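Structure first, commentary second.
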Number of protein chains: 2
Amino acid sequence: MMNKIVTIKDVAKKANVGVGTVSRVLNHHPSVKEKTRLKVMEAIQALEYNPNAIARSLKAKETRSVGVMIPDISSAFFPEVVRGIEDVASAYKYHIILCNIDLDREKEKVSLQMLKEKKVDGIIFISNTVDEGLRSGFKKIEIPIVLVSTRDPANEFKSVIIDNAMAAYEAVDYLCKLGHREIAMIAGQKDDPNAGIPRVEGYKRALRENHIQVKEEWIYHGDYRYKSGYDIMQEILKKEKLPTAVFAASDTMAVGAASAVLHRGYHIPGHISIVGFDGIEVSEYFYPSITTIRQPRYDMGACGMRLLMKMLKGENVEENEVILKHELIKRNSCRAVRGD
Amino acid sequence: MMNKIVTIKDVAKKANVGVGTVSRVLNHHPSVKEKTRLKVMEAIQALEYNPNAIARSLKAKETRSVGVMIPDISSAFFPEVVRGIEDVASAYKYHIILCNIDLDREKEKVSLQMLKEKKVDGIIFISNTVDEGLRSGFKKIEIPIVLVSTRDPANEFKSVIIDNAMAAYEAVDYLCKLGHREIAMIAGQKDDPNAGIPRVEGYKRALRENHIQVKEEWIYHGDYRYKSGYDIMQEILKKEKLPTAVFAASDTMAVGAASAVLHRGYHIPGHISIVGFDGIEVSEYFYPSITTIRQPRYDMGACGMRLLMKMLKGENVEENEVILKHELIKRNSCRAVRGD
DNA sequence: CTGTTAGCGCCTTCAC
DNA sequence: GTGAAGGCGCTAACAG
């Protein structure tokens with residue numbers, strides 16, 4: 001049920017003016033005599049009138065709402081991104097409609113259809129890869145769309161992202177400069193064009209540039225979650241030759257790996273150094289705190305939303321891909337090793 | 001900008017029927033001949049028509065949307081609650097409008113006004129205390145409202161919550177039964193009727209029932225955040241006489257406290273045992289994993305939303321306060337101490 | 001400056 | 001069974 005119905009008409013009657021005048025007052029139209037404006041305002045107060053955004057939307061053909069499609073709000077990486085989006089949105093008097101997609105193409109479709117019917121003005125799509133089906137779905141809906149923390153291989157949509165390869169490079173280079181030469185990697189999925197492949201690339205390049213041979217068998221693939229980090233680390237710890245450092249493609253895996261190390265009775269960073277990726281809170285709260293690459297999650301959301309707002313206002317947006325700066329945060333999970 | 005405009009009228013024309021008939025088909029009205037139904041469906045397909053939820057809402061006086069007012073989506077406790085809400089909402093074809101309130105009464109007002117104008121059908125209000133201003137705001141808006149993880153002292157609104165006093169009691173009783181007699185508490189704010197006061201009460205009752213004297217100076221007050229846990233623990237560690245166990249009113253503070261203990265060179269649980277509260281992920285991922293009280297966050301959200309749905313459908317809801325079950329999760333941060 | 005009117009897209013009587 | 005018409009609350013164009 002919607003609210004009690006005090007309409008613009010009631011206000012008009014009460015103030016002895018036409019509905020047009022009330023509308024003008026509401027929209028701060030300049031051409032209203034101060035005196036009548038006051039009369040109208042009074043009536044509005046008296047009747048406790050508030051405008052009906054639905055009716056307004058119907059007329060204006062804009063809803064001041066944007067859809068936010070996200071894998072899972074309860075996954076540690078995203079809440080901060082959403083917060084960034086929401087802050088910018090509410091500054092512009094927009095609201096967001098959250099859709100949890102769970103990396104499920106079917107849910108994606110359903111949500112997209114829903115957003116279409118709810119007539120959102122734009123969409124922010126987070127983290128999942130953009131495949132052919134999605135791309136055509138996006139094109140059909142004919143509203144501005146911004147990708148955050150993912151990119152469109154075909155480059156048809158604007159995106160906000162960090163330079164994953166570069167970030168991974170810096171993380172691993174840091175370990176190399178610390179003297180580590182035996183560095184394993186707990187990577188993401190092999191076929192993830194987003195957080196998977198580029199981070200492995202960065203890892204390899206850092207090794208090469210530091211004249212360390214890349215050993216493919218030291219690259220393990222997890223799913224960014226705690227358990228996979230833990231399990232893979234257990235695996236690593238069984239080997240004859242242990243690495244002196246491990247680079248994980250997510251903080252959650254890094255923490256899983258760290259727990260496995262500690263559980264086994266080794267010391268961090270005494271025996272093994274660890275670097276994570278993302279900069280979520282757990283990397284800071286873990287003991288020892290984990291060195292990591294910080295992704296500017298809040299800014300990614302905020303920047304994506306600002307971009308979308310520009311597009312909604314019809315402003316020209318030149319850049320097709322916004323690369324935000326990441327940051328290597330040095331904490332207590334890494335030590336320098338002596339060369340011998 | 002809203003979508004391209006293919007309206008019910010276009011469909012009607014294309015199918016050679018009246019708009020009424022199209023509407024009936026859309027709403028699965030029984031009294032439509034199969035043959036015309038097919039004709040209409042065809043036209044819908046051909047034109048790629050999709051209904052305009054805005055227009056529908058205007059007519060129907062319901063938007064199928066609910067407002068969710070939350071302190072801060074980027075705070076660890078809430079995302080899972082929101083996920084629960086969203087899952088139930090989308091099952092009913094509702095969507096949610098997220099508002100971050102930051103425990104700021106002014107933002108609260110602004111958001112409430114916004115939700116009013118957007119004509120949400122109901123509101124879920126999370127975690128903040130319900131004061132007089134808010135209560136009157138809620139009453140004016142005249143739509144169903146459900147409180148989650150908080151309650152209304154005046155009992156005018158339905159709520160979904162756990163038994164905080166009981167949960168705290170169980171946590172501390174567990175420590176007592178393990179043989180601890182020197183148990184400090186890192187509590188929440190003194191005046192928080194929600195997660196503050198009841199948890200202290202539970203702590204005290206557990207001590208009393210285990211014939212342990214309550215020492216007020218062993219009750220410290222933090223703000224549920226990491227730093228306050230860390231700082232307070234440092235304070236505690238400076239004392240002559242150390243407690244053998246610490247009960248924190250949030251996992252985040254528990255982890256902060258644990259870090260301080262480890263940083264100081266003590267062992268957990270060897271020297272000091274720790275119990276947290278909430279059951280957020282960090283309590284599980286920390287090393288050693290932290291014993292805690294799990295709040296069923298997802299269910300709290302889902303249950304709150306189901307309650308709201310019932311109210312929206314006009315069903316009678318007898319219970320005024322739903323108490324969900326918490327759970328003591330025993331992990332590796334507590335040890336038994338020998339009586340002497 | 002301000003009142004009146006015609007829709008925005010949809011649903012719902014009310015006749016036929 | 002189905003078409004036509006009225007109206008949900010609002011804005012914008014057109015007169016005055």
Side-chain angles (χ1 to χ4, degrees), chain A residues 1-44 47-65 93 116-121, chain B residues 1-44 47-65 93 116-121:
Chain A
M1 273 157 300
M2 257 157 70
N3 230 348
K4 270 290 140 42
I5 17 64
V6 179
T7 78
I8 203 173
K9 229 183 204 163
D10 302 319
V11 177
K13 207 183 303 171
K14 173 118 188 167
N16 270 319
V17 299
V19 288
T21 304
V22 178
S23 173
R24 263 160 274 188
V25 173
L26 253 26
N27 296 293
H28 308 102
H29 199 84
S31 67
V32 180
K33 230 197 318 184
E34 182 63 9
K35 205 164 162 193
T36 53
R37 205 183 66 79
L38 286 176
K39 252 198 322 189
V40 171
M41 291 301 280
E42 233 167 75
I44 287 177
L47 268 43
E48 297 197 318
Y49 166 82
N50 44 28
N52 183 327
I54 298 295
R56 200 174 257 176
S57 293
L58 182 59
K59 182 82 199 161
K61 294 181 175 319
E62 80 167 34
T63 55
R64 289 181 168 272
S65 67
K93 308 257 184 201
K116 217 170 179 169
E117 297 188 1
K118 303 268 187 182
K119 302 298 175 194
V120 292
D121 297 341
Chain B
M1 274 157 297
M2 258 157 69
N3 230 346
K4 271 289 141 39
I5 18 64
V6 179
T7 78
I8 203 173
K9 227 184 206 163
D10 302 318
V11 176
K13 207 182 302 170
K14 172 117 188 168
N16 270 318
V17 299
V19 289
T21 304
V22 178
S23 174
R24 263 158 264 181
V25 172
L26 251 28
N27 296 293
H28 308 101
H29 199 83
S31 71
V32 179
K33 232 196 318 183
E34 181 63 11
K35 204 164 161 192
T36 53
R37 206 183 66 78
L38 286 177
K39 248 197 326 187
V40 171
M41 291 302 279
E42 232 166 74
I44 289 178
L47 268 44
E48 296 195 323
Y49 165 82
N50 43 29
N52 182 328
I54 299 295
R56 199 174 259 177
S57 292
L58 183 59
K59 185 84 196 134
K61 293 184 176 316
E62 78 167 36
T63 56
R64 290 181 165 271
S65 67
K93 308 256 184 200
K116 218 168 176 170
E117 297 188 3
K118 302 268 188 183
K119 302 298 176 195
V120 293
D121 297 340

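Letters go in sequence order (proteins before strands), and every chain restarts at 1. Computed from a predicted structure; not experimentally measured. Note that these values count all heavy atoms, side chains included, but never hydrogens, waters or copies made by symmetry.
Taking every side-chain heavy atom of P51(A) into account, dC10(D) is the closest of dC10(D), dC10(C), dG3(D). Distance from the side chain of R24(B) is smallest to dG3(D) among dG3(D), dT2(C), dC10(C). Minimum atom distance to the side chain of S23(B) is reached by dT12(C), of the listed dG9(D), dG7(C), dT12(C). Residue A55(A) places its side chain closer to dG9(D) than to any other of dG3(C), dG9(C), dG9(D). Here the nucleotide nearest the side chain of K9(A), chosen from dC8(D), dG9(D), dT2(C), is dC8(D).
Distance E62(A) CD to dC8(C) C1': 14 Å, rounded to the nearest Å. We find that NZ of K118(A) is positioned 16 Å from C1' of dG9(C), with the value rounded to whole Å. Between the NE2 atom of H29(A) and the P atom of dC10(D) there is a distance of 18 Å, given to the nearest Å. Distance CD1 (I5(B)) to C1' (dG7(C)): 14 Å, rounded to an integer number of Å. In this structure, CG of N52(A) is placed 13 Å from C1' of dC8(C), rounded to the nearest angstrom. The nearest whole Å value for the distance from the CG atom in L38(B) to the P atom in dG1(D) is 15 Å. Atom CD1 in I8(A) sits roughly 15 Å away from atom P in dT2(C) (whole-Å rounding). Rounding to whole angstrom units, CZ of residue R37(A) and C1' of dT2(C) are separated by 16 Å.
Applying the 4.0 Å criterion to OP1 and OP2 of dC10(D), one finds that S57(A) has every side-chain N and O outside that range. For N27(A), a side-chain nitrogen or oxygen approaches OP1 or OP2 of dT11(D) to under 4.0 Å. Residue S31(B) places no side-chain N or O under 4.0 Å from the OP1 or OP2 atom of dG1(D). Applying the 4.0 Å criterion to OP1 and OP2 of dT11(D), one finds that R56(A) has a side-chain N or O inside that range. Phosphate contact (OP1/OP2 of dG9(C), side-chain N/O of K61(A), threshold under 4.0 Å): present.
Along DNA chain D, the nucleotide nearest V19(A) and the nucleotide nearest V22(B) are compared for position; the residue whose nucleotide lies closer to the 5' end is V22(B). Mapping K59(B) and V32(B) onto DNA chain D by nearest heavy atom places V32(B) closer to the 5' end of the strand.
With a 4.5 Å cut-off on side-chain heavy atoms, V6(B) and E48(B) do not count as touching. The closest side-chain heavy-atom distance from I44(A) to L26(A) is below 4.5 Å.
A salt bridge links E34(B) with R37(B); the closest basic N to acidic carboxylate O contact falls under 4.0 Å.
Note on N16(B): only backbone sugar-phosphate atoms sit closer than 4.0 angstrom, heavy atoms only; bases stay farther off.
Minimum heavy-atom separation, K118(B) to I54(A): O-CD1, 4.0 Å.
K119(B) contributes atom NZ, which lies 12.0 Å from atom OG of S57(A) (distance to the nearest 0.5 angstrom).
Not one N or O on the side chain of R56(B) forms a donor-acceptor pair closer than 3.5 Å with the backbone of N52(B).
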